[in-house]
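In what follows, a structure is listed as structure tokens, so that the remarks can point back to it.
Whatever order the structure lists ligands and atoms in, that order sets their numbers, starting from 1. Just so it is clear, the model here is predicted, and its values are computed rather than measured. Numbers here simply count residues along the sequence, with the first being 1.
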Amino acid sequence: MPTPVRYADLHLHTFHSDGTRSPREVIDLARSHGIEIVGISDHDNLAAFFEIKGYADSTGVTLVPATELSAEHRGVDVHILAYAFDPVDEHMNQRLTSFRRTRLTRGFAILDKLLAAGFPLRRERVQELCAGASMGRPHIARALVEAGHVASLNEAFDKLLGPGCPAYVGKERFSVREAVAMVKRAGGLTSVAHPSLYPDHRKLVPEVISLGVDGIECYHPDVDEKSREFYLDLAAATGAMVTGGSDDHGLAKDEETIGTVKVPESLVQRILQRL
Ligand code: AMP
Ligand code: FE
Ligand code: FE
Ligand code: ZN
């Protein structure tokens, strides 16, 4: 009998960053969609891995150490997914702790700008929504909806929180080379997240790959068929690996996406071999 195909989702968020689900809910939902290889890629945070590794093992789910890093390339915020690194690597954990700290300061700077623009929020409420996780603009977006300042999370980003908006504050970022070096040193691999979401991406992503990123996230809800073809070709031409995931954030985005991306195990062998 042939071995049944196992499916992966290597891009998921929990309430340890800007998602709304617990790691256990994410594992259970993934399983209900027939996904047995899971990467919880919380922004700058590995807490979900440590919290749920035992449970994943007991349910037969392969849990891949993962995180999503924010890097800078030519002024653009490029997200780099990191996989299968040593989750207790000291240098990496120090860097992530420091990024989480600056995310908090930056969150408060956003609240100051919102106040000045006439959209006051209670700092305590934002901290409650964040609950010790990596703070991100989605927490503030939720508070804005809750306070009735905007009608939807998308509106919060389009009107107030996105680049060029009145309450936009950038955050501390890696250079691409630094992110790649850190993950390599910890024994892991990297992939460019949602490649088609960057300005002038067909020019930018090949540059990012040439800086040493190992893969391209060709399968993602925001990568349409035309872009996917382009990036599958780029991966083939450069020897980059292909990765994929749903980038689900639970209710922190206007749409839930878990189950919409299922990548066959054979595609992510290079990552699985490192576990
Ligand atoms: P930050 O890490 O604070 O810069 O926030 C970036 C995060 O905001 C991304 O990782 C997405 O999860 C999220 N995001 C971007 N656009 C939207 C949107 N329109 N609605 C909800 N979340 C969004
Ligand atoms: Fe996010
Ligand atoms: Fe991202
Ligand atoms: Zn993400």
inquiry  = Tell me whether K262 contacts the main-chain N or O of H33 through its side chain, where contact means a donor paired with an acceptor under 3.5 Å.
reply    =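 Side chain of K262 to backbone of H33: a pair is present.
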message = Checking the side chain of H249 only, and the main-chain atoms of E255 only, is there a donor and an acceptor separated by less than 3.5 Å?
response = no
inquiry  = With a cut-off of 2.8 Å, does H13 put an N/O/S atom close enough to the Zn ion (ligand 4)?
reply    =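 Under 2.8 Å: H13 contacts the Zn ion (ligand 4) through an N, O or S atom.
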query = Would you say H11 has an N, O or S atom lying under 2.8 Å from the Zn ion (ligand 4)?
reply =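 For H11, the answer is yes, given that an N, O or S atom comes within less than 2.8 Å of the Zn ion (ligand 4).
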request  = Measure centre to centre between the rings of F49 and H16, then say whether the value is under 6.0 Å.
outcome  = no
Closest E68 atom to the Zn ion (ligand 4) [N, O or S only] =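 For E68, the N/O/S atom sitting closest to the Zn ion (ligand 4) is OE1.
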ask   = What N/O/S atom of D247 gets nearest to the Zn ion (ligand 4)?
value =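 Checking each N, O and S atom of D247, the shortest distance to the Zn ion (ligand 4) belongs to OD1.
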ask   = So H13 and H43, would you call those rings parallel, tilted or perpendicular, with 30° and 60° as cut-offs?
value =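 Parallel.
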task = For the residue pair H201 and Y231, categorise the inter-ring angle as parallel (less than 30°), tilted (30 to 60°) or perpendicular (more than 60°).
result = tilted
task = Answer yes or no for H11: is there an N/O/S atom below the 2.8 Å cut-off from the Fe ion (ligand 3)?
result =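 False for H11.
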message = Looking at every non-hydrogen atom in both residues, tell me the closest pair between P264 and V5 and how far apart they are.
response =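 Taking every non-hydrogen atom into account, CB-CG1, 4.1 Å.
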Shortest-distance N/O/S atom, E68 versus the Fe ion (ligand 3) = OE2
ask   = For the Fe ion (ligand 3), which N, O or S atom of H79 is at the shortest distance?
value =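 Checking each N, O and S atom of H79, the shortest distance to the Fe ion (ligand 3) belongs to ND1.
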ask   = D18: which N/O/S atom is nearest the Fe ion (ligand 2)?
value =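 Atom name of the closest N, O or S in D18: OD2.
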query = Would you say D247 reaches the Fe ion (ligand 2) with an N/O/S atom under 2.8 Å?
reply = no
task = Could you confirm whether H43 has any N/O/S atom lying under 2.8 Å from the Fe ion (ligand 2)?
result = yes
key: Straight-line distance of R125 CZ to L111 CG, nearest 0.5 Å   =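 Here the rounded value is 13.0 Å.
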